[in-house]
Q: 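Dropping a structure here in structure tokens format, bear with me for questions.
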2 protein chains.
Amino acid sequence: MPETAADHQGRRSARQRIIEAATELFSTRGYAATTTRDIADKVGIRQPSLYSHFKVKADILVEVELQTFRPTLDLFATLVADESLTALERLARLVEFDVRMLCDGPWNVALLGYLPEVRNEGIAHGMADHGHELYQAYRVLVHGALTESGRSEADPDTTTEVVFSLVDGMILRRVHNPRLDGGRLAPAVREAVLAMVR
Amino acid sequence: MPETAADHQGRRSARQRIIEAATELFSTRGYAATTTRDIADKVGIRQPSLYSHFKVKADILVEVELQTFRPTLDLFATLVADESLTALERLARLVEFDVRMLCDGPWNVALLGYLPEVRNEGIAHGMADHGHELYQAYRVLVHGALTESGRSEADPDTTTEVVFSLVDGMILRRVHNPRLDGGRLAPAVREAVLAMVR
DNA sequence: GTCTATATAATGATAGAC
DNA sequence: GTCTATCATTATATAGAC
């Protein structure tokens, strides 16, 4: 088996080590407050060496965001593809997975997508709004669950907003308390969500 | 009636005009990404003139934060002082007021307290953590409401975290949708909260 | 790809005239 | 209290040797 480029220096490619260092720093200090020198220092290289892997600082941010949202969006795709599930079951599973990830992931990186400087930088670079994608996923499942439950009196869009607030609100809780217990909170959030849609 | 200092230039003191300009800019661009020059430009003065009113940039932030949290913390004090109310009623009113303020306030300024650069700057300047104060207020009311309802099987601290997430989650919703309708969302959130505690 | 050296630009803050 | 002028620092990014 030939040695890949990814095996150099601790088995991860320099590019991936940059992304991981940036993930931690962006999460804990914010994007604008993190300098390219901070990132390079943590990786163990010189600041200009970053530019062998990324054209500009914002390109590092794009990769961090991408790797953050992929798991949850992938799960949504899987849940929708599984036709044996009801919308209510799909919603329950997505909520529980999402809350666990938000609580127990290595860094509170989901906050990044809400930082003003990131959103402004994002617009300037035309990067994908994964947060909006995920919101649409919730919207589909909440509408479906309300329909299944015959809750025709409920406003599906208002319910979607409240459900999504409840889940993503965990991001803010984690800012004040970095050691959230996903195993305890995920079922509690799931039950609160189910109480709204059935 | 003698003219006050606050009457100069549009009836608001220069200091207050700086605070209001900074509130908008910090809310829309973030703290680190807002320069003192940005603030001065919006006020219509030169950048060094800011330093006649504030010793350092972070002192402007302290004032912005103070004016943001004061109304909600004041309401909590009022609700607790009113002995004719049950804990459940106090919680319902606090939630509804809070959500309306988060949705309909002129700027999404509550996000500020969650920005990493603000929290780090805050620690360095020893500024008060109003977000934590407010959380304790919710904790008191959620515990009281669960006790009143005889919900001895519920975990009050978990419920507090979920309730607070639901309310503050509106901050994140507003990032994606700046035109939230507090009149529609506040009752929906209130009912979701009440479903958890009674 | 990483390094040293450096360009270029912007930032927070100060000094001192008015 | 506001101004002009300016300082000291720090930031992103580039050039070119190895």
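All values derive from a computational prediction rather than experimental measurement. Lettering of chains follows the sequences in order, A, B, ..., and the numbering in each one begins at 1.
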Q: Round to the nearest Å and state the distance from B/Arg29 atom CZ to C/dA10 atom C1'.
A: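 So the CZ-C1' distance, B/Arg29 to C/dA10, works out to 14 Å.
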Q: A cation-pi test, strictly: NZ or CZ of B/Arg190 under 6.0 Å from the centre of the six-membered ring of B/Phe97 and no more than 45 degrees from its axis. Yes or no?
A: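 No; the conditions do not both hold, so B/Arg190 does not lie above the ring face of B/Phe97.
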Q: Rounded to whole Å, please give me the gap between CD1 in B/Ile60 and C1' in C/dT11.
A: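 Atom CD1 in B/Ile60 sits about 14 Å away from atom C1' in C/dT11.
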Q: Answer yes or no for A/Arg93 and A/Phe76: cation-pi contact, defined as NZ/CZ to six-membered ring centre under 6.0 Å and angle to ring axis within 45°.
A: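 Output no; distance or angle outside limits.
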Q: CD1 of A/Ile45 versus P of C/dC3: gap in Å, rounded?
A: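 Result: 6 Å.
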Q: For B/Glu161 and A/Leu180: C-alpha separation, side-chain torsions, deciding distance, then whether side-chain contact (heavy atoms from CB on, under 4.5 Å) applies.
A: CA-CA 10 Å; B/Glu161 286 187 298; A/Leu180 292 181; 3.4 Å; yes
Q: Nearest whole Å is fine: how far is C/dT4 P from A/Gln47 CD?
A: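 Taking atom P of C/dT4 as the reference, CD of A/Gln47 is at 12 Å.
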Q: Picking from D/dA13, C/dT14, D/dT2, which would you name as closest to the side chain of B/Ala14?
A: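 So the nucleotide nearest the side chain must be D/dT2.
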Q: Looking only at side-chain atoms of B/Lys57, point me to the closest of C/dG12, D/dA11, D/dT4.
A: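 Ranking C/dG12, D/dA11, D/dT4 by closest atom to the B/Lys57 side chain puts C/dG12 first.
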Q: Does NZ or CZ of A/Lys57 fall inside the cone over A/Tyr31's six-membered ring, less than 6.0 Å from its centre and within 45° of the axis?
A: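 Relative to the ring axis of A/Tyr31, which defines the angle, A/Lys57 lies inside both limits.
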Q: According to a strict under-4.0 Å criterion, is B/Ser49 in side-chain N/O contact with OP1 or OP2 of D/dC3?
A: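 Yes, because at least one side-chain N or O of B/Ser49 sits under 4.0 Å from OP1 or OP2 of D/dC3.
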Q: In this structure, how many angstroms lie between the P atom of C/dC3 and the CZ atom of A/Arg46, rounded?
A: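 Spelled out: CZ on A/Arg46 to P on C/dC3 is 7 Å.
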Q: Round to a whole Å and report the spacing from CD1 of B/Ile39 to P of C/dG12.
A: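 Distance, rounded to whole Å: 8 Å.
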Q: If you find the nucleotide of DNA chain D closest to A/Lys55 and the one closest to B/His53, which residue's nucleotide is nearer the 5' end?
A: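 That would be B/His53.
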Q: Check the pair B/Glu24, B/Lys42 against salt bridge (Lys or Arg N to Asp or Glu O under 4.0 Å), reporting the backbone distance first and the verdict last.
A: CA-CA 10 Å; B/Glu24 172 176 352; B/Lys42 187 164 275 281; 3.5 Å; yes
Q: Rounded to the nearest Å, what distance is computed from the OH atom of residue A/Tyr31 to the P atom of nucleotide D/dT12?
A: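 Rounding to the nearest Å, OH of A/Tyr31 and P of D/dT12 are 8 Å apart.
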Q: Looking at C/dG1, D/dT14, D/dT4, which one has an atom nearest to any side-chain atom of A/Ser52?
A: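 The answer is C/dG1.
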Q: Nearest whole angstrom, please: distance from the P of C/dG16 to the OH of B/Tyr51.
A: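 From B/Tyr51 OH to C/dG16 P: 18 Å.
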Q: Which listed nucleotide (C/dG12, D/dT12, C/dT4) is nearest to the side chain of A/Pro48?
A: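 Closest nucleotide to the A/Pro48 side chain: C/dT4.
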Q: Does a nitrogen or oxygen in the side chain of A/Arg37 sit under 4.0 Å from OP1 or OP2 of D/dT12?
A: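 Looking at the OP1 and OP2 atoms of D/dT12, neither is under 4.0 Å from any side-chain N or O of A/Arg37.
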